[in-house]
**Student:** 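Here it is: the structure, laid out below.
The structure displayed is predicted, hence computed values, not measured ones. Numbering of ligands and ligand atoms starts at 1, following listing order.
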Amino acid sequence: MSDCLFCKMVSGEIAPDKVYEDDDVLAFRDINPQAPLHVLVIPKVHISTLNELDEANASLLGKMYLAVKAIATQEGVAEGGFRTVVNCNRDGGQTVFHIHLHMLAGRGLQWPPG
Ligand code: AMP
Ligand code: ZN
């Protein structure tokens, strides 16, 4: 999508602080980190929200989590642990409408989240 911030990162129009990339997935550091490690993991294809997930694109979620696993090892947080979050629409607090998984690590995280 031409007016989507994260699609512009996939196309290279905007250069993210990249931590991981493969054929299907891109991951980069969040510009407003909420933890010492705050990475966003996105599919390279545009999917607006979790509500648009379907049988045809659902395997991308597994690929995003395989990226999380690789990043956890790469960034040294696999053993200490981390949290993944996907926000959806208004009540979920979604602000960028290209599906993304937040990966947070490097401090003790509170539960329940706000
Ligand atoms: P969400 O609120 O779940 O839609 O998350 C969107 C995230 O994108 C927020 O945590 C923002 O800080 C992050 N974000 C917005 N613009 C950028 C950018 N240019 N580079 C990296 N992260 C961004
Ligand atoms: Zn997009």
Side-chain angles (χ1 to χ4, degrees):
M1 258 183 96
S2 59
D3 62 345
C4 169
L5 174 66
F6 289 173
C7 281
K8 287 179 181 169
M9 293 186 178
V10 173
S11 71
E13 190 178 335
I14 295 174
D17 185 358
K18 187 163 56 177
V19 297
Y20 176 92
E21 182 171 17
D22 63 30
D23 288 347
D24 303 298
V25 173
L26 177 67
F28 49 89
R29 295 186 198 281
D30 196 293
I31 203 168
N32 182 24
Q34 301 301 310
L37 180 74
H38 187 171
V39 169
L40 301 177
V41 180
I42 70 171
K44 288 188 171 178
V45 297
H46 183 88
I47 304 169
S48 300
T49 81
L50 269 186
N51 292 329
E52 278 67 50
L53 200 66
D54 59 26
E55 292 291 339
N57 59 26
S59 64
L60 282 172
L61 261 292
K63 291 178 175 175
M64 289 162 69
Y65 274 99
L66 285 174
V68 166
K69 179 181 164 184
I71 294 162
T73 300
Q74 176 185 304
E75 299 294 321
V77 301
E79 192 175 330
F82 55 88
R83 182 174 293 167
T84 59
V85 178
V86 180
N87 297 326
C88 182
N89 279 342
R90 182 195 59 229
D91 285 355
Q94 185 174 7
T95 59
V96 178
F97 289 85
H98 178 131
I99 203 170
H100 51 280
L101 186 158
H102 295 256
M103 179 178 180
L104 300 146
R107 66 174 173 85
L109 297 162
Q110 302 298 308
W111 190 264

**Student:** Check the pair Asp24, Lys63 against salt bridge (Lys or Arg N to Asp or Glu O under 4.0 Å), reporting the backbone distance first and the verdict last.
**Tutor:** CA-CA 7 Å; Asp24 303 298; Lys63 291 178 175 175; 3.2 Å; yes

**Student:** Which residue supplies the protein heavy atom nearest to atom 10 (O) of ligand 1, what is that atom called, and how far is it?
**Tutor:**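 Checking every protein heavy atom, the shortest distance to atom 10 (O) of ligand 1 gives Asp30 OD2, 2.5 Å.
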
**Student:** In this structure, does ligand 1 have an atom that sits under 4.0 Å from one of the heavy atoms of Pro16?
**Tutor:**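 The answer is no: ligand 1 sits nowhere under 4.0 Å from a heavy atom of Pro16.
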
**Student:** For the Zn ion (ligand 2), which N, O or S atom of His46 is at the shortest distance?
**Tutor:**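 Restricting His46 to its N, O and S atoms, the minimum distance to the Zn ion (ligand 2) goes to ND1.
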
**Student:** Is the distance from the ring center of His102 to that of His100 below 6.0 Å?
**Tutor:**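 Distance test on ring centres: under 6.0 Å, yes.
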
**Student:** Considering both backbone and side-chain atoms of His38, is one of its nitrogen or oxygen atoms within less than 3.5 Å of a nitrogen or oxygen in ligand 1?
**Tutor:**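 No, there is no polar N/O contact under 3.5 Å.
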
**Student:** Purely on distance, is any nitrogen or oxygen of Arg29 under 3.5 Å from one on ligand 1?
**Tutor:**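 No - when backbone and side-chain N and O of Arg29 are compared with those of ligand 1, no distance drops under 3.5 Å.
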
**Student:** What I want to know is whether Ile31 and ligand 1 share at least one N or O pair that is separated by under 3.5 angstrom.
**Tutor:**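 Among all N and O atoms of Ile31, at least one is under 3.5 Å from an N or O of ligand 1.
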
**Student:** Based purely on interatomic distance, does Val96 place a nitrogen or oxygen under 3.5 Å from a nitrogen or oxygen of ligand 1?
**Tutor:**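 Among all N and O atoms of Val96, at least one is under 3.5 Å from an N or O of ligand 1.
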
**Student:** Note the single closest protein heavy atom to atom 1 (P) of ligand 1, along with its residue, its atom name and the distance in Å.
**Tutor:**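 Looking at atom 1 (P) of ligand 1, the protein heavy atom closest to it is His100 NE2, 3.1 Å.
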
**Student:** Which atom name would you report as the N, O or S atom of His98 nearest the Zn ion (ligand 2)?
**Tutor:**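 In His98, the heteroatom (N, O or S) nearest the Zn ion (ligand 2) is ND1.
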
**Student:** Show the numbers, then the answer: is there a side chain to side chain contact (heavy atoms under 4.5 Å, CB included) between Phe28 and Val41?
**Tutor:** CA-CA 7 Å; Phe28 49 89; Val41 180; over 6 Å; no

**Student:** Is there a polar contact between ligand 1 and Phe28, counting only N or O atoms under 3.5 Å apart?
**Tutor:**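 N/O-N/O distance below 3.5 Å does not exist for this pair.
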
**Student:** Using a 3.5 Å cut-off on N or O atoms only, is Gln94 in polar contact with ligand 1?
**Tutor:**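 No; every N/O pair is 3.5 Å or more apart.
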
